[in-house]
Amino acid sequence: MAETIYIDAGPSDGPSGIIFERETKVIYTGLEVLTEEEGPFLAEVSRLCGVHFFPRGQAPEIPLYAVPYLEVFASDGRGGWFAATSKGGDGPLYHIDRDRSVCLLSDCYRAFFSEMISDPDWRQKSLPGGPWPRLPEDPVGRKELAAKLSASGPSLKKTVDPGPLPRVFASREEAEREFPVLDMWTVLRQEREPRFQIHPMMSPKDREGRAFVHYTAWREAYTGLMPEAVLEAHTLERCRESAQRGSSGDTFVALDREDGDRVVGFAALCRSARDFASVPEAGEIGALYVLQEYQGLGLGRQLLEHCLAWIPRPRVALFVLEGNEKAIGFYEHMGFRPTGHRIMDERDGGTLVEIEMCLERDTHQ
């Protein structure tokens, strides 16, 4: 029997799609508000058609949640909304009334726009909540509007069955009482084996975990190796700010599946090395940390290998604190060699000395 999964399609710093087995049906859920460039065109559509698009920067908060996912693109001026299954695409269009009931308006955009431009009484015929006042006749204005929208006539309707109407709820919490809605990162991590997994940093929990590892690993690795003033300035709040600046495209996290997907390590990459690197045509490993209790399990190697796979350069540089022999030995084991280049970093009342190491990659592989 085919499995159905419901995935929240709200904003997320992660992949936009997932590959599932053939037996899995994916239904995206949620709601987005679309906006348009403000100008005379929007006012003309409102006047002649009774459809009020949202000017850019003025999108309203709409307390709705849809299953499947909908994009609200206009209001009817009476507390109802117009929505579509796909942005500017060929999917069906719906009207959502104030009581959250949904009715099908058209099975494609062009047919909907053609009807509302050609018929001043279209709302009375198509929308609930009447009576609706007749819109201005204005044949010249309607003809000009039709030309702008490339809407030539109501014969554009499709004959494909759009399927059941979407369900609209007051909130995601209400929808979850009926549908098991999951977040993208939850679905990606449903497979429980192996215990440790490496994933792009995506969820708020990932970012908080990265910050905690960054804060804790500094104290575990650098106590006695760097001035205490520098360690004291490396606060958890500063680590949180750093985590917020990272993205799923440049940061990987190591998760312990047996401890609630706890983040126990992370690594960050730069596809092009920073200016102070001496190595030409190089990417860079910007950071790699694993909590002390999880070291020796191969997580550092896995994180490093994930970063290397995303750096499209013949060389990879990194900087390691002078005197951190454990880290230097690990990187040498992974093929990195000191270049002789050193940098002095004055920060928070102390001086740090870092040595540069470089990995020469076999570009023929």
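Fair warning: this is a prediction, and the values are worked out from it, not measured in the lab.
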* Asked: Does the pair E208/K205 count as a salt bridge with the N-to-O cut at 4.0 Å?
  -> no
* To do: Any chance you could lay out the side chain to side chain donor-acceptor pair (under 3.5 Å) test for S118 and R142, step after step, and finish with the verdict?
  => CA-CA 7 Å; S118 62; R142 290 182 178 277; over 6 Å; no
* Side chain R123, main chain P133, donor-acceptor under 3.5 Å -> yes
* To do: State plainly whether the residues R100 and E174 are in salt-bridge range, i.e. N to O under 4.0 Å.
  => yes
* To do: Start with the C-alpha gap between V72 and L31, add the side-chain angles, then the distance that decides, and say whether side-chain contact (heavy atoms from CB on, under 4.5 Å) holds.
  => CA-CA 7 Å; V72 173; L31 185 138; 3.7 Å; yes
* **Ring-ring centroid check F169 Y65, cutoff 6.0 Å** => no
* **Residues clustering with V279 (ILVMFWY side chains joined when closer than 4.5 Å, directly or via others)** => none
* Asked: Going by atom types alone, do E115 and S106 pair a side-chain donor with an acceptor below 3.5 Å?
  -> no
Residues 49-58, side-chain donor-acceptor partners within the protein, below 3.5 Å, at least two apart:
{"unit_1": "H52", "atom_1": "ND1", "unit_2": "S46", "atom_2": "OG", "d": "3.1"}
{"unit_1": "R56", "atom_1": "NH1", "unit_2": "E37", "atom_2": "OE2", "d": "2.6"}
{"unit_1": "Q58", "atom_1": "NE2", "unit_2": "E38", "atom_2": "OE1", "d": "3.4"}

* To do: Say whether, by atom type as modelled, one donor and one acceptor occur between the side chain of D206 and the main chain of M202 under 3.5 angstrom.
  => yes
* Asked: With the threshold set at 4.0 Å, does a side-chain nitrogen-carboxylate oxygen contact exist between R342 and E322?
  -> yes
* Structure fact -> With sequence neighbours left out, the residues meeting salt bridge (charged side-chain N to carboxylate O under 4.0 Å, His left out) with D138 are R47
* Any donor-acceptor pair under 3.5 Å linking the side chain of E356 with the backbone of S278? -> yes
* Asked: Donor-acceptor pair, D97 side chain versus S101 backbone, under 3.5 Å?
  -> no
* Asked: Should Y289 and W218 be marked as a side chain to side chain donor-acceptor pair (under 3.5 Å) after you check the CA-CA gap, both sets of side-chain angles, and the distance that decides it?
  -> CA-CA 8 Å; Y289 296 101; W218 262 55; 3.1 Å; yes
* Would you call the rings of F252 and W310 parallel, tilted or perpendicular, where under 30° means parallel and over 60° means perpendicular? -> tilted
* Salt-bridge present (E176, R172; N to O < 4.0 Å) -> yes
* To do: Please tell me if the side chains of R240 and R207 come closer than 4.5 Å, counting only heavy atoms from C-beta onward.
  => no
* **Q295 side chain to V290 backbone, donor-acceptor under 3.5 Å** => yes
* Do the ring planes of F319 and H341 sit parallel (below 30°), tilted (30 to 60°) or perpendicular (above 60°)? -> perpendicular
* Asked: Minimum heavy-atom separation for L236 to Y215, with atom names?
  -> N-CD1, 3.4 Å
* To do: Could you walk me through whether F112 and M116 pass the side-chain contact (heavy atoms from CB on, under 4.5 Å) test, one step at a time?
  => CA-CA 6 Å; F112 170 69; M116 71 180 190; 3.8 Å; yes
* Shortest non-hydrogen contact from R210 to V263? -> N-CG1, 3.9 Å
* Could you go step by step and tell me if L70 and I96 meet the side-chain contact (heavy atoms from CB on, under 4.5 Å) rule? -> CA-CA 11 Å; L70 286 176; I96 306 171; 4.1 Å; yes
* Point-to-point distance, once rounded to the nearest 0.5 Å, from CG of L299 to CG of L304 -> 12.5 Å
* **Side-chain touch H95/D76, heavy atoms, less than 4.5 angstrom** => yes
* Asked: Are P227 and L352 close enough that some pair of their side-chain heavy atoms sits under 4.5 Å apart?
  -> yes
* **Under-4.0 Å salt bridge between E178 and R167** => yes
* Using a 4.5 Å cut-off on heavy atoms from C-beta on, say whether the side chain of L231 contacts that of T223. => yes
* Look at R262 together with E293 and state whether they make a salt bridge at an N to O cut-off of under 4.0 Å. => yes
* Sub-4.5 Å side-chain heavy-atom contact between P166 and Y94 -> yes
* Between H234 (side chain) and H214 (backbone), is there a donor-acceptor pair under 3.5 Å? -> yes
* To do: Would you check if the side chain of E71 reaches a backbone N or O of A84 as a donor-acceptor pair within less than 3.5 Å?
  => no
* Under 4.5 Å between any side-chain heavy atoms of L165 and C103, yes or no? -> no
* Going by heavy atoms in the side chains, are E332 and M357 under 4.5 Å from each other? -> yes
* Contact check, side chains of T29 and I7, non-hydrogen atoms, under 4.5 Å -> no
* Does the pair E360/R315 count as a salt bridge with the N-to-O cut at 4.0 Å? -> yes
* Are the side chain of E281 and the backbone N or O of P314 linked by a donor-acceptor pair below 3.5 Å? -> no
* To do: Measure from the side-chain N and O atoms of D259 to the backbone N and O of D256, and report whether any donor-acceptor pair falls under 3.5 Å.
  => no
* To do: Determine the interplanar angle of the Y331 and F336 rings, folded into 0 to 90°, and report it as parallel if under 30°, tilted if 30 to 60°, perpendicular if over 60°.
  => perpendicular
* Asked: Under 6.0 Å from the six-membered ring centre of W132 and within 45° of its axis: does the NZ or CZ of R78 meet both?
  -> yes
* **Full working for side-chain contact (heavy atoms from CB on, under 4.5 Å) between I198 and V253** => CA-CA 6 Å; I198 311 297; V253 290; over 6 Å; no
* **N/O donor-acceptor pair under 3.5 Å between R98 side chain and G80 backbone** => no
